[in-house]
Structure formats: C-alpha cells, structure tokens
Amino acid sequence: MFIALVSLDKNTVQWTLQYLSREHNFTQLELESQVPKERGGQRFDTHTQMIEYATQHWQSNLVTTSLHSCTCSDVDTFLRRPFTLLVALESSIENIKKSLTQQLPPSTPALDLAAFLRWFDGAYRAQRDTLSRAQLNIYNGHETEDAFVDVLREANIVDEQRIRPSWDTYFMELADLASQRSNCMKRRVGAVLTQDKRVVSTGYNGTPKGLLNCADGGCKRCNSGVEMGFAECLCLHAEENALLEAGRGRIGECAVLYCNTCPCLGCAVKIVQTGISQVVYNHGYRVDQKTLELFRNAGVVLRHTPMKRRAPSDKSTTDEECDDSDEIAQNQDQDDNSSQATLSESDLAPAEGGGDHSGSGIKSSTIKTASIPLNSPSLNQLATSLGLLITHSDIDVNDVIVKSECLPNKHKQQHAHPSVCHHWLRDSAAAGRILPIALYVLDDYNPNNSEDGSDDLPPNPQSKNACFRIHPLNSPNEHLVHALRILKQDRVARDERWNALAYSRAAAMVKSFPHRIRSKDDIRLQLSYDSNDTVHTKNIGEKKIRAKIEEYLNYGRISEAETIQNSPSHKLYNALCSIQGIGPRRAYELSRTGASSLGELVERGSITQEDVTLAQHLELGIPRTEVSSIAGVVMENARTLLPHPTHAICGGYRRGKSESNDIDILITHHGYTLQQMNEFLANLARRLQDMGFLTKLMRQLSLSDGHSDKHDYQSTLLGVVASSSKYGTTDSAQVTFRRVDIIVCHPHSFHLEVLAWTGSVMYERDLRAFVKRRNLKLNASSVYNEHTNNEVDLSGIRSERHLLAFLHLPWIAPENRNCD
DNA sequence: AGGCCTACG
DNA sequence: CGTA
DNA sequence: GCCT
C-alpha cells in the first residue's frame, strides 16, 4: 500500500514516518521539490514518476509526505489508484506551534502569537483541500512520541479494509447510503438485501407510497413532540421496505440482510418469515432479548460489523457508543414505542465509575474483553452485596465478563483482574453490559480485531459437518427428527452401527433447517434466487432416508418408525438402555429373553431394583435453576480447597437447553499444573462425599495411598448427587438424584475443554473429523499433529471463539450446537 | 472401495 | 462393551 | 446409509 501523510505538524509526521518504517517496514518516497534532502527517502522529480514507481511496487509498503501542498488534481491522481490511502494527521495547536518553533533557525526571535496565527492561516488554507480528502484522520493530542505511537497502533493504519472494503463493509456502506434517503423525522435507517454477494434490493424508512413524506407531516407520530403510541406510526422500517421490494420469490436460502441499525422485534419476525439466513447490523441498538431469542431459535445468524473504513480518531474526540454485540443479554426494552425512533445516545453511555470514561467510544476493532472473577479479593464483596447473580437472572455463576469498552479507563490495558467500584458494576449490570460467564466463557476474543489474525468464518448451512451449521435450539421439525431417531435406535439395537450413524446425521441435518419442512422441495437447498439450481441436502441420501422423509411429508409419519415405536421389545430395550452400565448390546440381549417389563427382569435377577430406581431419577430433566444451584454447591466447596478457581458450566446447560440431563462443571486455575488440579479434584470428591452431597461415585478415583510417589489421579469425576428441588427440605421423598460430572483441566487447555464438554456429540464428532483433514488430532485436552505428534501450543488461546477461528472453524453459538 | 470422533476403564 |  |  502507498500512504500519503498530510499534516500541519512536522513532528507528528516524523513520528508517524518512524513508526511506519519501524513497525511496518515502510519505505519513504519523496518529491525533490517538496521535501528537503536531509529528510531522506527515495527521491522523485514529479508526482507522476512517484506514482508510477508506487504502481510498480504497490505490494510493498510505501509512504510519502510530499502531497501536503499539492493541487487537487495531483491528489486525485494519487487517490485514483487502488492501493493508496490518504492519512491526515491532525494535531493540537500546542503541538503545531512547538513543531514550527523547532523548525525555525536558532537565531530567530521568539515566535509571537500574531505571527504564528498568520503562518497557521496560510498553511491551513494551502492544505485544506487535501486534508478534507483524507480517508483516515488521526489526532495527536499528546506531547510525547511514545504516547502518540500508542494512538497510531490503535488506529491500525495498515488495515487493508480502508483501501478495499470487505463485503460486509461494502454492503453496510450501501445500507448507510440508503439511509440517507430517509425522510423519517425520528431516525435514518437503511437496509440492503443481498444474495450471493449481490444486491437484491435496498430500503430506507419512511411513509408508504402515495402518502405525504414523514418529513412533510405524513406521519403524525414522528412529527409530534409528545410520546405517541407506536401504533400511530405510519413509517415503514427500512428492513420492511427492503423485503417488500425484493418480494418473496427473490429471497433464497442464503440471503443476507444488512441493516445499518439492529432490527426491532417487529422487523425480526418478518425477517424470519421471509427466510433470511443472516442479519448484519452496524449501529448498536437496544437489542431486545426477544429479538435475539427469536433469531437464535429460528436459526437466523445475527452479526455485528463495525464500519472499519471509518477513521478511528483519537479517543477523546469520539462520541460514545456502546458497540453491543449480539451476545450481550440486554435489558428488556420496556418501551415498545421506542423502536427505531427514540434511541438517545445517552442511553448507550457507559456506566459511570472509575472517573474518566472518555475512551469508551473506541471503535470495536480495538475492543477487548476482560474476565473478572467476582471472587477476586477486590470484587468479592461487591458481588455478594450486589446480588449480581440475581441481576443476571437464571444464570447462577460467580464470574462475569465485562466488555472493556465499558471498563473504566485505567483498566483498559490490563489483563489482570481489575477492580471497579460498586455503583459502576451495578449500573453496568443493569445496562446489560455484563455477561454471564457460563455462556460466554472468558470470551475476550474479538473477531473484528485484526490482530487476532482472521475473522470468524461464516457458518455453512450446506455443510455435511454439523460444526459448520446452525441448529436452532427448538427445531420446527421436531416430529420428523424424532421419527429419524427411532430408526437410528433400531439400527443400533440391530448392531447396524453405520446405518445408525447415517440416521443420526440425517436427523442432525434436519435439525439445522430453520423452517418447517412442508414439501420435498424444502429439503433441497436453493442455491440462488434467480436460478432453479438446487443442491442435494448432505446426509440425506437419494435412496433410503430421502424416501423415508418423503413418506413422512406425504402421510405425516414413517411407518417403519411407528412399528418400531409400538413394539413392546423396543420399549423394553429403551428402558434398559437408560440404566447405567447397560448399553445397546446387553439391552438387546435382555429385551429378547421373553421378559415384558423391567420388573420381570428384576425378579429374575438380571438387573437390580436400585439400578432401575436410579435410572428413573436420572431420566428426569433438570431445570436450569437447579443446574446452577448444584454447580453453586460444588463451587462453594471447591473454593475452600482452591482459591479463585475458574469454572464453566458446560453440557446442555451451556447449549441453552431448558432442561439438562446432567451437570457438567469444568474447573481450572491459572498457574496450577494438571497434577495439582487432579489432586484438588480428589480432595473435592472426598469433601463432597463426606458432606453427603455426592452419594455415588460412578468412576472411582484412584487416590494416592501416600506411600508411593506415583499419582494416578483422574481429571474427570462422574458422580451422583442428592438434590432437593424444594430448598431446605429434609423430606427424603423430595430428594432427586442428579448426575454430576466434574472435570479439572490445565489452564492452557481450558477453552478446548469447554469446547469438548459443551457438545453436542454430533458437533464434536464433525469437529474432529474436519480438523483431521488437516492432519490435526483433537481431543478434550490437546491439539496435535497426527503425523509428527507435535502438540500445538494453546497457551495463547483466549477464548473458545478464538480457538475455533484458530482451527478455521466458524463460531457457532452454543445454543445453536444442539444437533443431537 | 473405504471411512465414518476420540479416549478411557 | 459401556461411557463421556 | 451416506460421502468421497
């Protein structure tokens, strides 16, 4: 790339040149006539020569300062090339004056104010046209080079996006452009509907055709100063206009809607119904929890993309906007009317605290997220006194994540646990800027940060691998999935392993469909709106499973599945499988011994009554509140043995299921070795057993006998705990037994463990199958090369999301991994 | 035709 | 073979 | 049973 620096402040220019050559290996090109020789750089006689040279070498990093007093047409010649970037370095008057003074020969008398102003006026007038064309403005309000270099690093001048926008940026700017056409008196909103990277339609908000424009009084509600009901508003939203403009027939399977503002609930409903697969927004808007849930459940991806091409100016000059990403559990927006119209910037201002919060407006390309264990000494009391766990509803965890743009300034750069004051934390929680860690474990990975190497990969609904697809939490095709699962179970029982796998895969595929499947055309994936090209749905073969699904669509049932389900032996088989220690093989044998019920088998002595009773307990779903309270008991005891542990509740709970089968708790600790963690787990197990909470250890830990040096501890504990749904009850009839898995791990492999223990099975399976194609082998605790056996160092992995990007996999929200 | 996730007990 |  |  070829960068031209323009500025009134020579010192700032010099600092920037040095920074660019030092940290990004830039070569300086200058015009003989413009820049004194002693400034260095490769010399040219004319603009044309310099630009031609740059064209030949456009792939290297080049910089010039010779454009500052060029004519407009020279600047335009420069800007026409596709590899150029004009950067304006603005500076405080103080800095400019200092630079000027330093340039003057030592003999000159001190510069008086009037003389300085005359010089400034002239210099500014000469550069005004050039400055106004700059694609990036950087402001230097600092006195020292070091401080300014930090600003330069933050600005990330070398970001290729400014030179050539990504697709996201491209469409988002089009959406912004569309919004300029808006005549709504409340707010400008624009949307662009795309399909296969082509624009299908655009829209902006305003009154419908034939009515007076909103700005001309067409909509009473928007023009009146007083609050009126949203029902009074006649304005169509930009999203609606874009959808209406496109029409139903032109919206295919992979349509993406770009909105410069996050859609309201009303639009979200329409977006889901028209079959849009992804929504990308720019401006943070109070994302209603219901909107978020709606998109999640419907399998519509909601992404946030910042406008990278916008100049990240100095922090203190930026307005404040909280770039909430879609994963933030926002407060419910009480005011339905507020939709697109009444958002005030102050609503988004950060919670006060820590003094100066002028930095909170930094662009999201620099946002980092910090995890703050509330049990760290500085925050421990805060957490309890705040009742933060109550603030954050059903998730009962002790760690929270605070996005750092919401942190008080002094903590911005720190990775260590910051301390924040009481009311700051409370207000941030109330404003929805604190995330429950159970869902987003240490997720300080920001895919928009170019330092993180690569952006998130997009999900691929057509992939045969479940780890590329989005599976709505609640499938609209539940019955079909159920029928396929019965066929799967039957194949397992018959020991037809691979046939069973195929049915599992088919069911997972069906689970990834965001819409109810009504006809056989629905199970083909449309390639694009303007052709009839369809692709065959992976994992649903042309011969067998396809026929079964068509049978289901025609008759509402699959006869084979009905038969299996109604057969007594199948019922017994299922019941047997749910007993701990009895798998498909034994269940198959027992179910064909002529017995008709579990009771009969107990009488025969084939199975025990205890096993049956326990199975009945464990079969009951566990509500989320109980999962978190059981995890709470475990962690409470864990803390007496291990100060400040890091933990995550994984499994179905993390996948957002309303009821879990068991409780999966993953624990680690910074600075502990795996062996120390294993010893801790053994102690925890003993403690929980002693207090009568853990009633059964299903995988016996081999505890050290104290004589030998050999420790073979386990890092996984599988057990059963007695849980009372009624708090404090002593009535044994109220006790339900629940499965608990406690896993400890090395801190470096924490995120990998989270990934592994979150599931679902099909997701994990396809994940491993996929990385295997790149010779990587992946298990719960390590990634290594299959051939060389070299282990991949994961100590730099900052989050599960970062890990997935590292593995070249898209980040699928845990709630959308429910594929089996 | 050959593979289908991986590891542990 | 059973289990995560 | 389905994919490569």
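We name chains A, B, ... by the order of the sequence lines, and we start the count at 1 in each one.
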How long is the line joining CG of A:N465 and P of B:dC5, in whole Å?
10 Å
Find the distance A:D766:CG to D:dC3:P and express it as a whole number of Å.
13 Å
For the side chain of A:L718, counting heavy atoms from C-beta on, which of B:dC8, D:dG1, C:dA4 is nearest?
C:dA4
Among C:dA4, B:dC5, D:dG1, the one nearest any side-chain atom of A:W757 is C:dA4
Side-chain N,O (A:K772) to OP1/OP2 (B:dC4) below 4.0 Å
yes
Atom CD1 of A:I540 and atom C1' of D:dC2 are separated, to the nearest Å, by 11 Å
If stacking means aromatic ring centre less than 5.5 angstrom from the base's six-membered ring centre, planes under 30°, is A:W498 stacked on D:dC2?
no
Check this one for me: any side-chain N or O of A:N779 less than 4.0 Å away from OP1 or OP2 of B:dT6?
no
For A:I582, answer base if it contacts any base atom (sugar-phosphate contacts may also be present), sugar-phosphate if it contacts only those atoms, and nothing otherwise; contact means non-hydrogen atoms under 4.0 Å.
sugar-phosphate
Interatomic distance, A:E753 CD vs B:dT6 P [rounded to whole Å]:
17 Å
Give A:I579 one of three labels, base, sugar-phosphate or nothing, depending on what nucleic acid heavy atoms sit under 4.0 Å from its own.
sugar-phosphate
Taking CZ from A:R768 and C1' from B:dC4, how many angstroms apart are they, rounded to a whole number?
14 Å
For atom CZ of A:F770 and atom C1' of D:dC3, their distance in whole Å
16 Å
Main chain of A:G759, side chain of A:E764: is a donor-acceptor contact present, judged purely on distance under 3.5 Å?
yes
Please tabulate, one pair per line, all N/O donor-acceptor pairs under 3.5 Å involving side-chain atoms of residues 769-777 of chain A, not counting sequence neighbours.
unit_1: A:R774; atom_1: NH2; unit_2: A:L807; atom_2: O; d: 2.7
unit_1: A:N775; atom_1: OD1; unit_2: A:H787; atom_2: NE2; d: 3.4

Contact class for A:I545 vs. all strands (heavy atom < 4.0 Å): base, sugar-phosphate, or nothing?
sugar-phosphate
For C:dA4, does OP1 or OP2 lie under 4.0 Å from any side-chain N or O of A:R739?
yes
Please determine if a side-chain N or O atom of A:K777 lies less than 4.0 Å away from the OP1 or OP2 oxygen of B:dT6.
yes
Within less than 4.0 Å of OP1 or OP2 of C:dC1, is there a side-chain N or O belonging to A:Y588?
no
Are A:K464 and D:dC3 close enough that a side-chain N or O sits under 4.0 Å from OP1 or OP2?
no
With a 4.0 Å cut-off, would you call A:K511 and A:D820 a salt bridge?
no
A:Y784 has its side chain closest, among D:dT4, C:dA4, B:dA7, to B:dA7
How would you label the contact of A:D741 with the nucleic acid (heavy atoms, under 4.0 Å): base, sugar-phosphate, or nothing?
sugar-phosphate
Atom CD of A:E764 to atom P of B:dC8: distance rounded to whole Å?
16 Å
So, OP1 or OP2 of B:dC5: does either fall under 4.0 Å of a side-chain N or O from A:R505?
yes
Any ion pair linking A:K696 and A:E610 (charged N to carboxylate O, less than 4.0 Å)?
no
Quick test of your reading of the model: are A:R738 and A:E619 salt-bridged, counting only N-O distances below 4.0 Å?
no
Charged N-O contact under 4.0 Å between A:D490 and A:R494:
yes
How is A:R586 classified with respect to the nucleic acid when contacts are heavy atoms under 4.0 Å: base, sugar-phosphate, or nothing?
sugar-phosphate
Do any side-chain nitrogens or oxygens of A:R765 fall under 4.0 Å of OP1 or OP2 in B:dC5?
yes
Salt bridge check: are A:K548 and A:E560 linked by an N-O gap of less than 4.0 Å?
yes
Whole angstrom value for the distance that separates P of D:dG1 from NZ of A:K543
10 Å
For B:dC5 and D:dC3, measure between their P atoms and round to the nearest Å.
14 Å
For a quick check of understanding: with a heavy-atom distance under 4.0 Å over all strands, which category does A:E496 fall into, base, sugar-phosphate or nothing?
nothing
